[in-house]
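Take a look at the structure below.
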Amino acid sequence: MLKFIRSTLVFAYLVITLIPAASLLLLVSIIHRGDFIYWRVGVPYLNGVIQAARIIGGVNYRVEGQEILDALALSKQRVILCPKHQSTWETFFLPTISPNPLSYVFKKELLWIPLFGWALYRLDMIYIDRSKRKEAWNKVAEQGRMLMDQGNWVIMFPEGTRTVPGVDPAYKTGASRLGVATDAVLVPIAITSGRCWRRASFALTPGTIDVAIGEPITCQGRSAEDLMHEVKEWVEAKMRELDPEPYRVKA
(Lines give C-alpha, C1' and ligand atoms only; values in the text may rest on other atoms or scores of the structure.)
Protein backbone atom coordinates (compact mmCIF):
# COMPACT_ATOMS: atom_id res chain seq x y z
CA MET A 1 0.00 0.00 0.00
CA LEU A 2 2.83 2.42 0.84
CA LYS A 3 4.45 1.74 -2.54
CA PHE A 4 1.14 2.51 -4.27
CA ILE A 5 0.69 5.76 -2.36
CA ARG A 6 4.25 6.92 -3.07
CA SER A 7 3.95 6.08 -6.78
CA THR A 8 0.60 7.87 -7.03
CA LEU A 9 2.02 11.01 -5.42
CA VAL A 10 5.00 11.06 -7.81
CA PHE A 11 2.82 10.71 -10.89
CA ALA A 12 0.37 13.28 -9.56
CA TYR A 13 3.31 15.68 -9.24
CA LEU A 14 4.44 14.84 -12.78
CA VAL A 15 1.03 15.56 -14.31
CA ILE A 16 0.08 18.58 -12.20
CA THR A 17 3.39 20.37 -12.74
CA LEU A 18 3.39 19.54 -16.46
CA ILE A 19 0.47 21.88 -17.09
CA PRO A 20 2.09 25.12 -15.82
CA ALA A 21 5.56 24.10 -17.07
CA ALA A 22 4.37 23.37 -20.62
CA SER A 23 2.17 26.46 -20.65
CA LEU A 24 5.08 28.63 -19.50
CA LEU A 25 7.37 27.10 -22.12
CA LEU A 26 4.83 27.79 -24.88
CA LEU A 27 4.40 31.39 -23.78
CA VAL A 28 8.11 32.12 -23.35
CA SER A 29 8.90 30.46 -26.69
CA ILE A 30 7.03 33.27 -28.44
CA ILE A 31 9.95 35.53 -27.48
CA HIS A 32 12.82 33.15 -26.71
CA ARG A 33 13.68 29.85 -28.39
CA GLY A 34 16.54 27.39 -28.19
CA ASP A 35 18.80 27.27 -25.16
CA PHE A 36 16.80 29.79 -23.13
CA ILE A 37 13.60 27.77 -22.81
CA TYR A 38 15.53 24.49 -22.66
CA TRP A 39 17.61 25.47 -19.61
CA ARG A 40 15.17 27.86 -17.91
CA VAL A 41 11.94 25.87 -18.28
CA GLY A 42 12.49 22.37 -19.70
CA VAL A 43 15.36 21.08 -17.56
CA PRO A 44 14.02 22.50 -14.25
CA TYR A 45 10.73 20.66 -14.85
CA LEU A 46 12.52 17.39 -15.64
CA ASN A 47 14.76 17.75 -12.61
CA GLY A 48 11.69 18.36 -10.45
CA VAL A 49 10.22 15.03 -11.56
CA ILE A 50 13.50 13.20 -10.87
CA GLN A 51 13.70 14.74 -7.40
CA ALA A 52 10.06 13.88 -6.70
CA ALA A 53 10.80 10.27 -7.63
CA ARG A 54 13.81 10.37 -5.32
CA ILE A 55 12.26 12.08 -2.30
CA ILE A 56 8.75 10.67 -2.48
CA GLY A 57 9.23 7.44 -4.43
CA GLY A 58 12.59 6.42 -2.97
CA VAL A 59 14.20 6.15 -6.42
CA ASN A 60 17.82 7.24 -5.98
CA TYR A 61 20.58 7.24 -8.59
CA ARG A 62 24.34 7.29 -8.98
CA VAL A 63 26.35 8.26 -12.04
CA GLU A 64 29.64 6.82 -13.26
CA GLY A 65 31.52 8.67 -15.99
CA GLN A 66 30.11 12.20 -15.70
CA GLU A 67 33.59 13.50 -16.50
CA ILE A 68 33.32 11.95 -19.97
CA LEU A 69 30.35 14.16 -20.84
CA ASP A 70 32.05 17.21 -19.37
CA ALA A 71 35.17 16.58 -21.46
CA LEU A 72 33.09 16.14 -24.63
CA ALA A 73 31.38 19.47 -23.99
CA LEU A 74 34.78 21.16 -24.02
CA SER A 75 35.91 19.29 -27.15
CA LYS A 76 33.11 20.76 -29.32
CA GLN A 77 32.68 17.42 -31.12
CA ARG A 78 29.39 16.27 -32.58
CA VAL A 79 27.92 13.83 -30.06
CA ILE A 80 25.19 11.19 -30.20
CA LEU A 81 24.14 9.57 -26.92
CA CYS A 82 23.10 5.90 -27.13
CA PRO A 83 21.45 4.97 -23.81
CA LYS A 84 19.91 1.74 -22.60
CA HIS A 85 16.12 2.15 -22.49
CA GLN A 86 14.19 0.32 -19.77
CA SER A 87 11.79 3.02 -18.56
CA THR A 88 10.61 6.60 -18.87
CA TRP A 89 12.99 7.62 -16.08
CA GLU A 90 16.04 8.10 -18.31
CA THR A 91 14.16 10.38 -20.71
CA PHE A 92 13.65 12.74 -17.77
CA PHE A 93 17.05 12.23 -16.20
CA LEU A 94 19.62 12.50 -18.98
CA PRO A 95 18.97 16.19 -19.80
CA THR A 96 19.61 17.02 -16.12
CA ILE A 97 23.22 15.75 -16.27
CA SER A 98 24.11 16.70 -19.83
CA PRO A 99 26.30 19.81 -20.14
CA ASN A 100 24.86 20.42 -23.62
CA PRO A 101 21.21 20.62 -24.72
CA LEU A 102 19.84 17.27 -25.88
CA SER A 103 17.80 16.86 -29.05
CA TYR A 104 15.65 13.72 -28.87
CA VAL A 105 14.58 11.80 -31.97
CA PHE A 106 10.96 10.78 -31.51
CA LYS A 107 7.88 9.73 -33.48
CA LYS A 108 5.70 12.48 -34.90
CA GLU A 109 2.58 11.20 -33.13
CA LEU A 110 3.84 12.58 -29.80
CA LEU A 111 3.29 16.12 -31.09
CA TRP A 112 -0.47 15.61 -30.87
CA ILE A 113 -0.45 15.14 -27.08
CA PRO A 114 -1.96 18.33 -25.59
CA LEU A 115 0.59 20.64 -23.93
CA PHE A 116 3.35 18.00 -23.76
CA GLY A 117 3.52 17.52 -27.53
CA TRP A 118 3.07 21.21 -28.22
CA ALA A 119 5.96 22.02 -25.89
CA LEU A 120 8.15 19.42 -27.64
CA TYR A 121 7.43 21.16 -30.93
CA ARG A 122 8.79 24.44 -29.57
CA LEU A 123 12.05 22.82 -28.47
CA ASP A 124 14.93 21.81 -30.76
CA MET A 125 13.96 18.18 -31.21
CA ILE A 126 13.78 15.87 -34.23
CA TYR A 127 10.41 14.31 -34.94
CA ILE A 128 10.03 11.67 -37.64
CA ASP A 129 7.16 10.36 -39.74
CA ARG A 130 7.68 6.61 -39.68
CA SER A 131 5.31 6.14 -42.64
CA LYS A 132 7.89 7.87 -44.86
CA ARG A 133 11.06 5.97 -44.05
CA LYS A 134 13.46 7.46 -46.60
CA GLU A 135 12.26 11.02 -46.07
CA ALA A 136 12.36 10.47 -42.29
CA TRP A 137 16.00 9.38 -42.38
CA ASN A 138 17.00 12.32 -44.59
CA LYS A 139 15.33 14.66 -42.12
CA VAL A 140 17.10 13.09 -39.15
CA ALA A 141 20.48 13.39 -40.89
CA GLU A 142 19.87 17.00 -41.95
CA GLN A 143 18.47 18.21 -38.65
CA GLY A 144 20.93 16.19 -36.60
CA ARG A 145 23.91 17.76 -38.35
CA MET A 146 22.43 21.26 -38.02
CA LEU A 147 21.60 20.90 -34.32
CA MET A 148 24.96 19.35 -33.43
CA ASP A 149 26.73 22.22 -35.21
CA GLN A 150 24.71 24.58 -32.99
CA GLY A 151 26.02 22.85 -29.87
CA ASN A 152 23.20 20.38 -29.22
CA TRP A 153 23.78 16.67 -28.75
CA VAL A 154 21.46 14.15 -30.37
CA ILE A 155 20.07 11.32 -28.25
CA MET A 156 18.72 8.11 -29.76
CA PHE A 157 17.72 4.92 -27.95
CA PRO A 158 19.23 2.09 -30.07
CA GLU A 159 16.65 -0.43 -28.86
CA GLY A 160 13.88 1.78 -30.22
CA THR A 161 11.53 1.08 -27.32
CA ARG A 162 11.64 0.29 -23.61
CA THR A 163 12.86 -3.23 -22.86
CA VAL A 164 12.52 -5.66 -19.97
CA PRO A 165 15.59 -6.16 -17.75
CA GLY A 166 17.54 -9.27 -18.67
CA VAL A 167 16.45 -9.61 -22.31
CA ASP A 168 18.83 -9.53 -25.27
CA PRO A 169 17.22 -6.90 -27.52
CA ALA A 170 18.12 -6.00 -31.08
CA TYR A 171 19.95 -2.69 -31.43
CA LYS A 172 18.91 -0.63 -34.45
CA THR A 173 21.55 1.23 -36.45
CA GLY A 174 19.85 4.63 -36.66
CA ALA A 175 22.26 6.30 -34.24
CA SER A 176 25.36 4.77 -35.83
CA ARG A 177 24.16 5.66 -39.33
CA LEU A 178 23.74 9.24 -38.18
CA GLY A 179 27.17 9.12 -36.58
CA VAL A 180 28.77 7.97 -39.84
CA ALA A 181 26.87 10.58 -41.86
CA THR A 182 27.85 13.46 -39.55
CA ASP A 183 31.29 12.31 -38.34
CA ALA A 184 30.04 12.33 -34.75
CA VAL A 185 31.08 10.21 -31.78
CA LEU A 186 28.75 7.71 -30.12
CA VAL A 187 28.50 7.58 -26.34
CA PRO A 188 27.15 4.27 -24.95
CA ILE A 189 25.24 4.57 -21.68
CA ALA A 190 24.08 1.73 -19.44
CA ILE A 191 21.07 2.49 -17.20
CA THR A 192 19.44 0.09 -14.74
CA SER A 193 16.16 2.01 -14.50
CA GLY A 194 14.09 -1.14 -14.98
CA ARG A 195 14.84 -2.21 -11.41
CA CYS A 196 12.86 0.80 -10.10
CA TRP A 197 10.43 1.75 -12.88
CA ARG A 198 9.31 -1.02 -15.23
CA ARG A 199 7.98 -0.39 -18.72
CA ALA A 200 4.19 -0.05 -19.04
CA SER A 201 3.90 0.46 -15.27
CA PHE A 202 3.18 3.38 -12.98
CA ALA A 203 4.57 1.60 -9.93
CA LEU A 204 7.88 2.83 -8.56
CA THR A 205 10.08 0.44 -6.59
CA PRO A 206 12.43 2.15 -4.12
CA GLY A 207 16.08 1.54 -4.93
CA THR A 208 19.09 2.97 -6.74
CA ILE A 209 19.42 3.36 -10.49
CA ASP A 210 22.95 3.10 -11.84
CA VAL A 211 23.93 5.24 -14.84
CA ALA A 212 27.28 4.34 -16.43
CA ILE A 213 28.66 6.48 -19.26
CA GLY A 214 31.14 4.84 -21.64
CA GLU A 215 34.04 6.30 -23.55
CA PRO A 216 33.09 7.95 -26.87
CA ILE A 217 33.37 5.80 -30.00
CA THR A 218 34.69 7.49 -33.14
CA CYS A 219 32.61 6.83 -36.26
CA GLN A 220 35.11 7.86 -38.93
CA GLY A 221 35.97 5.06 -41.33
CA ARG A 222 33.62 2.53 -39.74
CA SER A 223 30.37 0.87 -40.78
CA ALA A 224 27.09 1.55 -38.99
CA GLU A 225 26.67 -2.14 -38.21
CA ASP A 226 30.14 -2.49 -36.70
CA LEU A 227 29.65 0.64 -34.60
CA MET A 228 26.31 -0.44 -33.21
CA HIS A 229 27.72 -3.88 -32.42
CA GLU A 230 30.40 -2.16 -30.31
CA VAL A 231 27.79 0.01 -28.58
CA LYS A 232 25.67 -3.04 -27.76
CA GLU A 233 28.63 -5.06 -26.52
CA TRP A 234 29.67 -2.32 -24.10
CA VAL A 235 26.18 -1.50 -22.85
CA GLU A 236 25.05 -5.09 -22.36
CA ALA A 237 28.31 -6.09 -20.65
CA LYS A 238 27.97 -3.11 -18.31
CA MET A 239 24.33 -3.97 -17.60
CA ARG A 240 25.35 -7.47 -16.53
CA GLU A 241 27.93 -5.93 -14.22
CA LEU A 242 25.57 -3.36 -12.69
CA ASP A 243 22.40 -5.45 -12.49
CA PRO A 244 23.28 -9.16 -12.91
CA GLU A 245 20.20 -10.71 -11.32
CA PRO A 246 17.75 -10.31 -14.26
CA TYR A 247 20.29 -11.93 -16.60
CA ARG A 248 20.70 -14.91 -14.30
CA VAL A 249 16.93 -15.34 -14.17
CA LYS A 250 16.61 -15.20 -17.97
CA ALA A 251 19.43 -17.72 -18.34
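Everything numeric here is computed off the predicted structure, so don't read it as measured data.
Side-chain contact check for Ser103 and Asn152: at least one donor-acceptor pair (N or O, by modelled atom type) lies under 3.5 Å. In summary, the side chains of Gln66 and Asp70 do present a donor paired with an acceptor at a separation below 3.5 Å, with no hydrogens or angles considered. No side-chain N or O of Gln220 forms a donor-acceptor pair with one of Thr218 less than 3.5 Å apart. For the residue pair Glu236/Tyr171, the side-chain donor-acceptor check at 3.5 Å is satisfied. Between the side chains of Arg222 and Ser176, no donor-acceptor pair is found at a separation under 3.5 Å.
Ring geometry, His85 versus Phe157: the interplanar angle falls under 30°, so the pair is classed parallel (tilted spans 30 to 60°).
Within the model, atoms CZ of Phe93 and CZ of Arg54 stand 11.0 Å from one another, a figure rounded to the nearest 0.5 Å. How far CG of Leu227 is from CG of Leu178: 11.5 Å, rounded to the nearest 0.5 Å. Atom OH in Tyr13 sits 9.0 Å away from atom CD1 in Ile55 (nearest 0.5 Å). Ile213 contributes atom CD1, which lies 8.5 Å from atom CG of Leu81 (distance to the nearest 0.5 angstrom). A distance of 6.0 Å separates CE in Met125 from CG in Leu120, rounded to the nearest 0.5 Å. Atom-to-atom distance recorded for Cys82:SG and Glu159:CD is 10.5 Å, nearest 0.5 angstrom.
Looking at Ser193, its side chain never comes within 3.5 Å of a backbone N or O of Trp89 through a donor-acceptor pair. No donor-acceptor pair closer than 3.5 Å links the side chain of Glu64 to the backbone N or O of Ala212. No donor-acceptor pair closer than 3.5 Å links the side chain of Tyr121 to the backbone N or O of Trp112. Side chain of Glu90 to backbone of Gln86: a donor-acceptor contact under 3.5 angstrom is found. Remark: the backbone N or O of Thr205 is not paired with any side-chain donor or acceptor of Arg198 at under 3.5 angstrom.
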Please test Val180 against Ser223 for side-chain contact (heavy atoms from CB on, under 4.5 Å), starting from the C-alpha separation and ending with a verdict.
-> CA-CA 7 Å; Val180 171; Ser223 70; over 6 Å; no
Fill in: Intermediate values then yes/no, side-chain contact (heavy atoms from CB on, under 4.5 Å), Val105 and Val140
CA-CA 8 Å; Val105 179; Val140 169; 4.2 Å; yes
Decide yes or no on side chain to side chain donor-acceptor pair (under 3.5 Å) for Arg162 and Thr88, but give the supporting numbers first. CA-CA 8 Å; Arg162 289 167 291 180; Thr88 304; 3.0 Å; yes
Exercise for the section: Run the numbers on Val59 and Val10 for side-chain contact (heavy atoms from CB on, under 4.5 Å), then give the verdict. Expected result: CA-CA 11 Å; Val59 178; Val10 171; over 6 Å; no
Determine, stepwise, if the pair Leu204 / Arg6 fulfils side-chain contact (heavy atoms from CB on, under 4.5 Å). CA-CA 8 Å; Leu204 299 179; Arg6 296 171 79 173; over 6 Å; no
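Using a 4.5 Å heavy-atom threshold, the side chains of Val79 and Val154 count as separate. The shortest distance between side-chain heavy atoms of Pro188 and Trp234 falls below 4.5 Å. The shortest distance between side-chain heavy atoms of Val187 and Ile80 does not fall below 4.5 Å. Side-chain contact between Ile189 and Val211 is present, with heavy atoms from C-beta onward closer than 4.5 Å. Looking only at side-chain heavy atoms (C-beta outward), Glu215 and Ile68 come within less than 4.5 Å of each other. Put simply, the side chain of Tyr247 reaches to within 4.5 Å of the side chain of Met239, judged on heavy atoms. Proximity of Val235 to Lys232: side-chain heavy atoms (C-beta onward) are nowhere separated by under 4.5 Å. For the pair Leu94 and Ile97, the minimum side-chain heavy-atom distance is below 4.5 Å.
Contact detail for Asn100 and Trp153: the closest heavy-atom pair is ND2-NE1, 3.3 Å. Here the closest non-hydrogen pair linking Pro83 and Pro158 is O-CD, 3.4 Å. Nearest heavy-atom pair across Val43 and Pro95 is CG2-O, 4.1 Å. Closest non-hydrogen pair, Pro169 versus Thr163, comes out as CB-CG2, 3.9 Å. Taking every heavy atom of both residues into account, Thr182 and Arg145 meet most closely at CG2-CB, 3.9 Å. In terms of heavy atoms, Trp137 sits closest to Gly174 at CZ3-O, 3.9 Å.
Remark: His229 NE2 is loosely packed, at most 12 non-hydrogen atoms of other residues, nucleotides or ligands lying under 6.0 Å away. Sparse packing is recorded around OH of Tyr127, with 12 or fewer heavy atoms of other residues, nucleotides or ligands lying under 6.0 Å away. By the 6.0 Å contact criterion, CZ on Arg33 is enclosed, its count of non-hydrogen atoms from other residues, nucleotides or ligands being greater than 12. Dense packing is recorded around CD of Gln51, with more than 12 heavy atoms of other residues, nucleotides or ligands lying under 6.0 Å away.
Side-chain rings of Trp197 and Tyr61 stay apart, their centers remaining 6.0 Å or farther from each other.
Both Ile209 and Val63 are part of a single hydrophobic cluster, where members link through side-chain heavy atoms under 4.5 Å apart. In the hydrophobic cluster analysis, where Ile, Leu, Val, Met, Phe, Trp and Tyr join through side-chain heavy atoms closer than 4.5 angstrom, Val49 is grouped together with Phe11. Connection of Leu26 to Ile37 is not established within any shared hydrophobic cluster, with ILVMFWY side chains joined at heavy-atom distances below 4.5 Å, either directly or through further cluster members. Under the 4.5 Å side-chain heavy-atom criterion for grouping Ile, Leu, Val, Met, Phe, Trp and Tyr, Leu123 is connected to Ile155 within one hydrophobic cluster. Using a 4.5 Å cut-off between side-chain heavy atoms of Ile, Leu, Val, Met, Phe, Trp and Tyr, with links allowed through other members, Ile5 and Val15 fall into the same hydrophobic cluster.
For the salt bridge (Lys or Arg N to Asp or Glu O under 4.0 Å) with Asp243, the qualifying choice from Lys238, Arg195, Arg248 is Arg195, the only one to do so. Applying the side chain to side chain contact (heavy atoms under 4.5 Å, CB included) test between Tyr45 and each of Leu25, Leu14, Leu24 identifies Leu14 as the sole match.
With salt bridges taken as basic N to acidic carboxylate O contacts below 4.0 Å, none links Asp210 and Lys84. Residues Arg78 and Asp183 are not paired through a salt bridge, judged by the lack of any N-O separation under 4.0 Å between the basic side chain and the carboxylate.
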